[in-house]
Amino acid sequence: MTLILGLETSCDETAASVVENGVRVRSNVIATQHELHERYRGVVPEIASRAHLERLTPIVREALSQADSSWDELDAVAVGHRPGLIGSLLVGVSAAKAAAWALGKPIIGIDHVLAHLYAGQLEAPPVHYPAIGLVVSGGHTSLFEVQSPLDVTLLGKTIDDAVGEAFDKAATILEVGYPGGPAIDRIAREGNPNAHRFPIARLESDRLDFSFSGLKTALLYAVRGTPTGRRGEARFERSAGELTAQQRAHFAASFQAAAIKAVMRNLTRALDERPASTLLVGGGVSANSLLRAELDTLAGERGIDLRLPAPQFCVDNAAMIAGLAFERMRSGEVDDWSLAAQPASAVT
Ligand code: KG4
Ligand code: ZN
């Protein structure tokens, strides 16, 4: 039996988890910082790293206690060391190194994007490859060809905003709260997705790239009217506060329909062009109810195994970090003390 402690501090979740043999999640403790960033409508890096520093030790203790395991039983310590906010990553990497050093056990650095693709294997049967992978989060919107958990090739990604970021900005425009994805998802249920026609970018490229900034601007202008005045001091015709609940719901539903259609269109193309027996999905936006329904339908039509992780494995978590670390360890890939926090992913 191999027991790995995973740490995750790349953005605004402080998380620790103990995973057995890469798939059995013995504990999965997540502390979100949403309440700290809500008033700024986005993650403030300095606030995030300070909060990680305060919370990580109690979270790790809680993860070990829930897993009913002691430090001595651990075989390795894993940490999401890229991509993310550099200050936040540094907290996790430093803590993981200290723990691994003190225990005399290996340290394993994990790419957070690859970990999201691995999440569908947790508490689930083995995956058959090749697979197509989709990561949809606040920081990423990427499609991959996946030959194995550690062998992925990028097929396309967003050239501007990530889809989760677009949801968060849409929620700011509609003044419905933070984080925006869950709020838009909830409100959209009461609205008509055909009430407004929003643009879906078509990019002149052989790659399966995405763009969401035009959609966001279209929503802004539809809600508030065309701006006048100079840049930086634009004046709008209306404010979102003047919308009725029903109008707001129609905007949310129409925005969500366009955003999810953009994701599904490229995903369908990827599946048309490549053989795949499995569809791996990860990232916070995979909690979206419309996306989940569309993915279910697509996988049903094509007879492929859809790995849509349970909600606690969709959002940022450390179980996916510890799980993928088991794969790396099994392939003889461990890191040394030069492991560094890095802001960019190696695969996007
Ligand atoms: O993977 P994640 O927890 O963190 C990153 O790595 O970014 O994803 C967070 C993102 C946020 O943008 C949030 O608004 C979005 O996932 N999100 C959703 C939903 N739940 C979370 N977006 C759409 N619908 C949801 N139900
Ligand atoms: Zn993430």
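From a predicted model like this one, the values you see are computed outputs, not experimental measurements. In what follows, residues are counted from 1 in the order of the sequence shown. Counting convention: from 1, in listed order, for ligands and their atoms alike.
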In terms of hydrophobic clustering (I, L, V, M, F, W, Y; side-chain heavy atoms under 4.5 Å; direct or indirect links), are Leu122 and Val135 co-clustered? yes
for atom 4 (O) of ligand 1, nearest protein heavy atom and its distance come out as Asp316 OD2, 3.1 Å
Within a distance under 2.8 Å of the Zn ion (ligand 2), the protein atoms of type N, O or S are His112 NE2, His116 NE2, Asp316 OD1
Give the cluster check for Leu90 versus Leu85: same hydrophobic cluster or not, with ILVMFWY residues linked at side-chain heavy-atom distances below 4.5 Å. no
Any carboxylate oxygen within less than 4.0 angstrom of a Lys/Arg side-chain nitrogen, looking at Glu54 and Arg50? no
Are any of the N/O atoms on Gly139, whether in the backbone or the side chain, positioned under 3.5 angstrom from an N/O atom of ligand 1? yes
Contact summary for Ala170 and Leu219, nearest pair of heavy atoms: CB-CD2, 3.4 Å
Any N or O of Ser289 closer than 3.5 Å to N or O of ligand 1: no
Separation between CD1 (Ile59) and CG (Leu64), nearest 0.5 Å, reads 12.0 Å
Between Val285, Ile260, Val163, which one has a non-hydrogen atom sitting closest to atom 15 (C) of ligand 1? Val285
Can you find an N/O atom of Gly164 closer than 3.5 Å to an N/O atom of ligand 1? yes
Within the structure, does Gly283 bring an N/O atom to less than 3.5 angstrom of an N/O atom in ligand 1? no
Among protein heavy atoms, which sits nearest to atom 26 (N) of ligand 1, and what does the distance come to when rounded to 0.1 Å? Asp185 OD2, 2.9 Å
Below 30° counts as parallel, above 60° as perpendicular, anything between as tilted: where do the rings of Trp101 and Trp337 land? perpendicular
With only distance considered, is Val315 within less than 3.5 Å of ligand 1 through an N or O on each side? no
Taking the six-membered ring for Trp, are the ring centroids of Phe255 and Phe167 within less than 6.0 Å of each other? yes
Among all protein heavy atoms in this structure, tell me which lies nearest to atom 24 (N) of ligand 1, with the distance rounded to 0.1 Å. Asn288 ND2, 3.0 Å
Just to be sure I'm reading this right: ignoring hydrogens, which of Ser10, Gly181, Gly84 gets closest to atom 19 (C) of ligand 1? Compare them by their nearest heavy atoms. Gly181
Got a second to check how far Glu273's CD is from Thr268's OG1, nearest 0.5 Å? 11.0 Å
Ligand-residue contact atoms, ligand 1 with Ser137, heavy atoms, under 4.0 Å: 1 (O), 5 (C), 6 (O), 7 (O), 8 (O)
Contact with ligand 1 for Cys11, non-hydrogen, under 4.0 angstrom: no
Counting from 1, what ligand 1 atoms have a heavy atom of His112 closer than 4.0 Å? 6 (O)
For ligand 1, is there an atom lying under 4.0 Å from some heavy atom of His116? yes
Could you go step by step and tell me if Lys216 and Asp168 meet the salt bridge (Lys or Arg N to Asp or Glu O under 4.0 Å) rule? CA-CA 10 Å; Lys216 171 194 67 190; Asp168 292 335; over 6 Å; no
Within the 4.0 Å heavy-atom cut-off, what Asp168 brings close to ligand 1 is side chain
Does a side-chain heavy-atom distance below 4.5 Å link Glu333 with Leu150? yes
State, to 0.1 Å, how close Pro106 and Met329 come at their nearest heavy-atom pair, and which atoms those are. CG-CE, 4.3 Å
Consider only side-chain heavy atoms of I, L, V, M, F, W and Y, link residues closer than 4.5 Å, and tell whether Ile30 and Val25 are in one cluster. no
Quick one: do Tyr221 and Ile200 end up in the same hydrophobic cluster if we chain Ile, Leu, Val, Met, Phe, Trp and Tyr together by side-chain heavy atoms under 4.5 Å apart? no
Counting from 1 in the order shown, the ligand 1 atoms closer than 4.0 Å to a non-hydrogen atom of Gly284 are 1 (O), 2 (P), 8 (O), 16 (O), 17 (N), 18 (C), 19 (C), 20 (N), 21 (C)
the protein heavy atom lying closest to atom 7 (O) of ligand 1 turns out to be Gly138 N, 2.8 Å
His116 vs His112 aromatic rings, parallel, tilted or perpendicular, using cut-offs 30° and 60°? perpendicular
